[in-house]
There are 2 protein chains.
Amino acid sequence: MNNNLQKYEARAKIAKAMSHPSRLLMLDLLQKQELSVGQLTQEVGADQSTVSKHLAILKEVGLVSVRKEGAMSFYQLKCNCLDGFFSCMESVLVSDLTCRQNALK
Amino acid sequence: MNNNLQKYEARAKIAKAMSHPSRLLMLDLLQKQELSVGQLTQEVGADQSTVSKHLAILKEVGLVSVRKEGAMSFYQLKCNCLDGFFSCMESVLVSDLTCRQNALK
DNA sequence: TGGAAACATGGCAATATCGCCATGTTGTGA
DNA sequence: TCACAACATGGCGATATTGCCATGTTTCCA
């Protein structure tokens, strides 16, 4: 029994925050520049309240931060490691695909 | 509206598969060597059926593969990019921590 | 000052996840 | 062949997630 399991809970929370298509899209967009809730809502194509809640989730785990300017909120990335994250996802996808292709031969 | 959202769904599935403490622990253990379900069950400290289902989730997205030897199943990692993944989680945790510390000053 | 714009936050129903128990399925050894 | 060991798979209640509607809250402008 590994009673050191709690060690992975903080990491799991971050991974869970990233485990939604809309949130991944938003993170990806934020890699280029900070964006307002309205802009992100446009890109995601969901209700404004939905996007706002997604952003709250990303903020909660420290993936993004907010800058308020008047009535608007600009969100920005707080980490610069997303490239590695995305490329890892990509390599898993590619390796799984070639694996499935080989299974058909 | 970004109708390219589906592009992120496959990645989100992988991230979701990684967004559980027990599954992160198992992935971490499998970085060193392949392990049987029984061994992983010992380490995780949950029911055998629970561990088996966790492994099915990891296999479903192509993160691990199975090698059957007699009545036993040995699971192994299919990607070598977990280091990057974990270090990204770690840097988010650290940056968030220092950020909260600064907020207290 | 009143109203609209930009976000945030309840609330709720639909859906998904989680963990265990019970029960399959398959392989092994006597 | 029979019993057991090692996993996998239903099934189920408890809990969490998701997305929208409705409704705050704050800011700006006429």
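Letters go in sequence order (proteins before strands), and every chain restarts at 1.
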Flag yes if more than 12 heavy atoms outside A:Asp47 fall under 6.0 Å of its CG atom; otherwise flag no. yes
Mind checking whether A:Phe86 and B:Tyr8 have parallel, tilted or perpendicular rings, split at 30° and 60°? perpendicular
Taking C:dC21, C:dC18, C:dG19 as options, the one with an atom nearest any side-chain atom of B:Ser49 is C:dC21
Between D:dA6 and B:Gln48, counting only base atoms on the nucleotide and side-chain atoms on the residue, is there a donor-acceptor pair under 3.5 Å? no
Take atom CG of B:Leu55 and atom P of C:dG19, then tell me their distance rounded to the nearest Å. 13 Å
Classify B:Lys59 by what it touches in the nucleic acid, base, sugar-phosphate, or nothing, heavy-atom distance under 4.0 Å. nothing
If you pin A:Ser19 and B:Met72 to their nearest nucleotides in DNA chain D, which one's is more 5'? B:Met72
Proximal nucleotide (of C:dA22, D:dT17, D:dC21) relative to the A:Lys16 side chain: D:dT17
Spacing between A:Met18 atom CE and D:dT17 atom P, to the nearest angstrom: 16 Å
Regarding the side chain of A:Ser52, the nearest nucleotide among C:dC7, C:dG19, D:dA6 is C:dC7
So what does B:Tyr75 touch, heavy atoms closer than 4.0 Å: a base, only the sugar-phosphate, or nothing? sugar-phosphate
How many whole angstroms separate atom CZ of A:Phe74 from atom P of C:dA8? 12 Å
Taking atom NZ of A:Lys13 as the centre, report whether more than 12 heavy atoms of other residues, nucleotides or ligands fall under 6.0 Å from it. no
What is the distance, to the nearest angstrom, from the CD1 atom on A:Ile57 to the C1' atom on C:dT9? 13 Å
I need the CD-C1' distance between A:Glu60 and C:dA8, as an integer number of Å. 15 Å
Figure out the NE2/P separation between B:His54 and C:dC20, and round it to whole Å. 8 Å
Would you mind telling me which of C:dA8, C:dG19, D:dA8 lies closest to the side-chain atoms of B:Thr50? C:dG19
Counting only side-chain heavy atoms from C-beta out, which of D:dA8, C:dA6, D:dC20 sits nearest to A:Ala71? C:dA6
What integer distance in Å separates A:Leu25:CG from D:dT18:C1'? 17 Å
Given C:dC21, C:dC18, D:dC20, the nucleotide with the shortest approach to the side chain of A:Lys53: D:dC20
B:Glu60, CD atom: more than 12 neighbouring heavy atoms under 6.0 Å: no
B:Val64 versus B:Leu55, closest heavy-atom pair with distance: CG2-O, 4.2 Å
Quickly work out the B:Asp47 CG to D:dT9 C1' distance and round it to whole Å. 13 Å
With respect to the side chain of A:His20, which nucleotide from D:dG19, C:dC18, C:dA8 is positioned closest? D:dG19
Choose from D:dC7, C:dC20, C:dC18 the nucleotide whose nearest atom is closest to any side-chain atom of B:Arg23. C:dC18
